[in-house]
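The first residue in the sequence is number 1, and the count goes up from there. Because the structure is a prediction, the values reported are computed rather than measured.
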Amino acid sequence: MPDKGEAILCLVADWGGRHPSAWRDADAPNDPPMNFDYIRRVAQTAERGKFHGLFLADSPAVGFLGHQVTTEALSRTHKGVRGPEPLTLLAALSAHTEHLGLLATASTTYCEPFNVARMFASLDFLSGGRAGWNAVATASTAAALNFGREEHLGHAERYDRAQEFVDVVTGLWNSWEDDAFLNERDSGRYFDPDKLHALNYHGKYFSAAGPLDISRSPQGQPVIVQAGSSGPGRAFAARNAEVVFTLQADPEKGKSFYTEVKEEAAAFGRDPGQVKVLPGLALIVGHSEAHAQEKLEHLDSLVPEEVGREMLLTVLGRDVDLSAVALDDPVPDVPMSEVGSQGAQKYFLDMVRRENLTVRQAMGRSTRTSAHTVDPTGAADIIEEWLEAGAADGFNLMFADAVDSLEIFVDKVVPELQRRNLFHTEYRGKTLRENLGLSRPTARHGA
């Protein structure tokens, strides 16, 4: 079971709120995805609440979760339309925070390993050891079209490429030994040539000579994150990830996933304690449960029907055809799609089948992102339930609104978690690794 005193909390940076109509709330910030003052305040609020990290999801395409949708639907929501490039934004936020981990997505499908290795090592340097890389095998047709491809890679091939990508990146991060740079002015020796190591990698998808042109970073290497719950995604996470983001419908399913990932990590020769599993938890927090419910119902009332339809197809898979199904008929059995996240599809379909939802009801749930309406005590109860079930090491928190859920969580829920000995009261160290309870990787070369 996870250590209840060290629950990990990361904030998913849904600028403007996770709900697709959160931007329409009269009290919401103006143009949140491009409002740096607002973004900075969110990061500083998370740090005030002792959150371990701020996580930026990303897709190299315009559309819900990176998928192509009708322009009419897209024009009615702030989600997936625009926002700063994640590494650039986190570099700016590193100057306005001191302890908060800074984690971002970079695609293994549409990036090059050398660039990713260099950018995240640079962020680790700029932030004093707070960088984390979410290695994602992008499954978006819209993204494929932006990179000269007519369609995205198949599920299995995406993960084969992703594994090779990670191998190259981690190899480049070990180009220099920790004490390679001497800076000896008298002798004229800037670095020890025996402590520089070229990679000279040649594989199926990539070739990279190296070395990387930045010294070994403060954490040894940035924390590696993975967000896949399918069979190949889980195996990829067990082999590589130090933090695993996942979507699970309930503590029972969460415990099964948690156990499987830890066992697979051990099978790869890894210490399961060095793999932290963080399920996503979507909340809308009120001063009372009635207040939270009122906020959610208000946001729901602002959702156009075309947005609901597109959000449902995005969750189920863009190749799913529901045109012959009436809105008030139950959602039919649909196969797992090759388009989109299979983990997200499974999570949503499990909920649909458990509650026997109609298409109309499922549309509503897809826009709500299954957010729990809770007061501070209720939020703490959910977190405690999952931790005591052995289903999580912590949570990836998502807030449906951009008005006050985060502030209520920091001001009311965090103290309640601390009172129950479920959350730390101070950061344990200076680096993200230290705060997550992860060891610093030993350099591959030298001592």
Side-chain angles (χ1 to χ4, degrees), residues 12 55-61 63-68 80 85-87 103-117 119-120 132-173 201 203-206 208 222-248 257 260-261 264-265 268 275 277-278 280 314-319 336-348 396:
V12 177
F55 168 58
L56 274 61
D58 186 57
S59 174
F64 297 155
L65 305 179
H67 296 292
Q68 288 182 309
E85 187 280 319
L87 270 293
L103 305 99
T105 295
S107 170
T108 62
T109 312
Y110 299 113
C111 294
E112 287 292 327
F114 192 93
N115 290 339
V116 167
M119 291 188 296
F120 278 92
W133 169 37
N134 180 35
V136 166
T138 303
S140 164
T141 301
L145 294 172
N146 284 338
F147 291 87
R149 300 178 184 176
E150 293 301 316
E151 58 184 22
H152 61 79
L153 299 176
H155 194 265
E157 188 176 5
R158 288 200 304 272
Y159 279 104
D160 287 344
R161 177 187 168 98
Q163 183 57 60
E164 192 170 307
F165 195 110
V166 170
D167 290 342
V168 176
V169 170
T170 54
L172 289 168
W173 280 337
Y201 182 93
K204 178 179 179 181
Y205 299 99
F206 304 105
V223 173
I224 296 178
V225 184
Q226 207 279 330
S229 298
S230 66
R234 190 177 65 240
F236 179 74
R239 181 174 177 179
N240 303 287
E242 297 164 291
V243 177
V244 180
F245 293 160
T246 182
L247 290 173
Q248 300 297 327
F257 178 85
E260 289 167 359
V261 167
E264 287 190 51
F268 279 112
V275 181
V277 178
L278 307 185
T314 294
V315 174
L316 294 180
R318 302 300 304 182
D319 52 357
M336 294 299 290
S337 170
E338 278 287 311
V339 181
S341 165
Q342 292 188 350
Q345 292 168 33
K346 185 177 185 304
Y347 170 86
F348 194 79
N396 227 15

Show your reasoning for whether side chain to side chain contact (heavy atoms under 4.5 Å, CB included) applies to Val275 and Val244.
CA-CA 7 Å; Val275 181; Val244 180; 3.8 Å; yes
Once you round to the nearest 0.5 Å, how far does CD of Glu112 lie from CZ of Phe165?
7.0 Å
Please report the interatomic distance CD1(Ile224) to CG(Leu103), rounded to the nearest 0.5 Å.
12.0 Å
Please name the pair of heavy atoms, one in Ala106 and one in Val116, separated by the smallest distance, quoted to 0.1 Å.
CB-CG2, 4.1 Å
N/O donor-acceptor pair under 3.5 Å between Glu85 side chain and Leu87 backbone
yes
Got a second to check how far Tyr205's OH is from Glu157's CD, nearest 0.5 Å?
4.0 Å
So, does Arg239 use its side chain to make a donor-acceptor pair with the main chain of Ala265 at under 3.5 Å?
no
Look only at the side chain of Thr108 and the backbone of Val136, and say whether a donor-acceptor pair between them is shorter than 3.5 Å.
yes
Thinking salt bridges, do Glu164 and Lys204 make one under a 4.0 Å N-O criterion?
no
Between Asn240 and Gln226, do the side chains contain a donor N or O and an acceptor N or O under 3.5 Å apart?
no
Would you call the rings of Trp133 and Phe120 parallel, tilted or perpendicular if under 30° counts as parallel and over 60° as perpendicular?
tilted
Side chain proximity check, Val243 to Leu278, heavy atoms < 4.5 angstrom:
yes
Atom CE in Met119, atom SG in Cys111: separation rounded to 0.5 Å?
6.0 Å
Ser107 OG to Arg161 CZ distance, which is reported to the nearest 0.5 Å:
7.5 Å
Once ring-ring contact (aromatic ring centres under 6.0 Å, His included) is applied, do any residues pair with Tyr159, and if so which ones, sequence neighbours excluded?
His155, Phe236
In short, Glu264 meets Ala238 closest at the heavy-atom pair CB-CB, 3.4 Å
Tell me every residue that passes side chain to side chain contact (heavy atoms under 4.5 Å, CB included) with Asp58, counting only those two or more places apart in sequence or in another chain.
Pro86, Thr105
Minimum heavy-atom distance Ala227-Asn134, with the two atoms named:
N-OD1, 3.7 Å
Ring centroid separation Phe55 to Phe245 under 6.0 Å:
yes
